[in-house]
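For reference, the structure discussed in these notes is given below.
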Amino acid sequence: MKIISFHSYKGGTGKTHLSANLATILARKGFKTAILDLDFRGPNLQTLCGIESEVTINDLLFDPDLTGQDILVSFEDQYKIPLFAAFASTDFRKMGDIVRADKKQRQRSLKRILRLRDELSENGFDYTIIDTSPGVQMESIDGLVISDATCLVLKADDFDISGTKSMVTQLYSLLDSKNYVVLNRVVAETCPPEEGVWSSADLKLVEKFEKTIKDEMRMDVITSIPCFCEVAREGSRNIFSLKHPEHPFSQYIEKLGNALLKGL
Ligand SMILES: Nc1ncnc2c1ncn2[C@@H]1O[C@H](COP(=O)(O)OP(=O)(O)OP(=O)(O)O)[C@@H](O)[C@H]1O
Ligand SMILES: [Mg+2]
């Protein structure tokens, strides 16, 4: 089993959408895929999947008797693809328990995440996709540490670039995974770009950002994804590529998936 995580320095770059859409596209190819919501500080995956999950990863981290079987939700019947998800709790009390966890509990949490990874692998999962909180929260780092590939998601915005740069130097250089940058929500000259294809002016802008990232962070941009009004307009009510598999956004995610799989 291979693990791919999505992380960012700043919030709102598109981690949750990219995680859920990539997991869906991999499952649609027939790969048994799990998505884990490790964004305990601002969990959104339940909303995106239209689910209210009673038993969550938060419970697994605090209760030694729970296993992956107890927290995984299957979408096999609903979507006819081998897609599974484990959610972070939206209960404020449980979110607070994570924030207040002492060193001992944090060590227990990491052990339980590792046990969950082993359980998924033993149960024939091909891929696990991890959504994280922005910044350097311990739980996000746990997710990054167990990943084979990490996608650092950035908007083509100088605020994002300067903060991300220091995180890359101090954190990403310590990781064993293959680390890539995904530029997302790139605002094209004509927004959205026609048929999802960059104009020559857009291409210049994208190439400029890709070069800055290469020069300043020593990281490759694996995919640059335009800002699509249709994605924003859906209001995060569903997994976009499930509903619009032919849309250019879904095709960009497919391209991202192919590039990631090639590097694993
Ligand atoms: N390529 C895109 N084009 C247009 N809108 C997008 C695109 N990708 C994501 N969005 C929109 O950006 C917003 C933020 O996306 P998302 O919640 O996935 O970001 P996030 O990084 O997970 O945020 P947080 O750090 O708060 O968890 C959402 O409203 C989503 O619809
Ligand atoms: Mg998110």
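For ligands, and for the atoms within them, numbers begin at 1 and follow the listed sequence. If you're wondering where the values come from, they're calculated on a predicted model, not measured in any experiment.
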Quiz question: by atom type and distance under 3.5 Å, do the side chains of Asp70 and Thr67 form a donor-acceptor pair? yes
Tell me, do Glu139 and Arg106 make a side-chain contact under 4.5 Å, heavy atoms counted? no
What's the shortest distance from atom 29 (O) of ligand 1 to any protein heavy atom, and which residue and atom give it? Ser236 OG, 3.9 Å
Atoms of ligand 1 close to Pro226 [distance to a heavy atom under 4.0 angstrom, numbered from 1]: 1 (N), 2 (C), 3 (N)
Show me which atoms of ligand 1 lie under 4.0 Å from any heavy atom of Lys15. 18 (O), 19 (O), 20 (P), 21 (O), 22 (O), 23 (O), 24 (P), 25 (O)
Hey, what do you get for OG (Ser224) to NZ (Lys255), rounding to the nearest 0.5 Å? 7.5 Å
I need the Leu120 CG to Glu122 CD distance, nearest 0.5 Å. 9.5 Å
Per-atom filter on ligand 1: closer than 4.0 angstrom to a heavy atom of Gly11 are 25 (O)
Flag yes if more than 12 heavy atoms outside Tyr9 fall under 6.0 Å of its OH atom; otherwise flag no. no
With a cut-off of 6.0 Å (strictly less than), are more than 12 heavy atoms of other residues, nucleotides or ligands near CG of Asp215? yes
Using a cut-off of 2.8 Å, find all protein N, O or S atoms closer to the Mg ion (ligand 2) than that distance. Thr16 OG1
His17 ring center near Phe249 ring center (under 6.0 Å): no
Below 3.5 angstrom, do we get any N/O pair linking Thr16 and ligand 1? yes
Hydrophobic cluster membership, with links at side-chain heavy-atom distances under 4.5 Å among I/L/V/M/F/W/Y: are Leu171 and Ile213 in one? yes
Tell me whether Ser8 reaches ligand 1 (any heavy atom closer than 4.0 angstrom to a ligand atom). no
Would you mind running through ligand 1 and noting each atom that sits below 4.0 Å from a heavy atom of Gly12? 14 (C), 19 (O), 20 (P), 21 (O), 23 (O), 24 (P), 25 (O), 26 (O)
Before signing off on this row, confirm whether Gly14 and ligand 1 have an N or O atom pair separated by under 3.5 Å. yes
May I ask you to check whether Asp131 has an N/O atom sitting below 3.5 Å from an N/O atom of ligand 1? no
Heavy-atom proximity to atom 10 (N) of ligand 1, best of Arg185, Lys155, Arg233, Glu234: Arg185
Write out the residue and atom name of the closest protein heavy atom to atom 3 (N) of ligand 1, then the distance separating them to 0.1 Å. Phe228 N, 2.8 Å
Taking distance alone, with no angle check, do Lys10 and ligand 1 share an N/O pair under 3.5 Å? no
If you round to the nearest 0.5 Å, how far is CZ of Arg112 from CD of Glu119? 13.0 Å
Decide if atom CD of Glu54 counts as having more than 12 heavy atoms of other residues, nucleotides or ligands within a radius under 6.0 Å. no
For Lys165, look at atom NZ and say whether over 12 heavy atoms of other residues, nucleotides or ligands are found less than 6.0 Å away. no
Nearest non-hydrogen atom to atom 31 (O) of ligand 1 belongs to which of His7, Glu230, His17? His17
Ring centres of Phe228 and Phe240 under 6.0 Å apart? no
Do Leu36 and Leu45 land in one hydrophobic cluster if side-chain heavy atoms of ILVMFWY residues count as linked below 4.5 Å? no
Verify whether one side chain among Asp39 and Ser133 offers a donor that lies under 3.5 Å from an acceptor in the other. yes
Need the ligand 1 atom indices (1-based, order shown) with element for anything under 4.0 Å from a heavy-atom of Phe249. 1 (N)
State the atoms of ligand 1, each with its element, that fall below the 4.0 Å cut-off from a heavy-atom position in Asp39. 27 (O)
Could you tell me whether Leu18 approaches ligand 1 through its side chain, its backbone, both or neither, with non-hydrogen atoms closer than 4.0 Å? neither
Is it the case that Asn184 and Thr13 place a side-chain donor and acceptor less than 3.5 Å from each other? no
With heavy atoms under 4.0 Å as the rule, classify the contact between Pro134 and ligand 1 as side chain, backbone, both or neither. side chain
Within a distance under 4.0 Å of any heavy atom of Asn184, pick out the atoms of ligand 1 and give their elements. 1 (N), 2 (C), 7 (C), 8 (N), 9 (C)
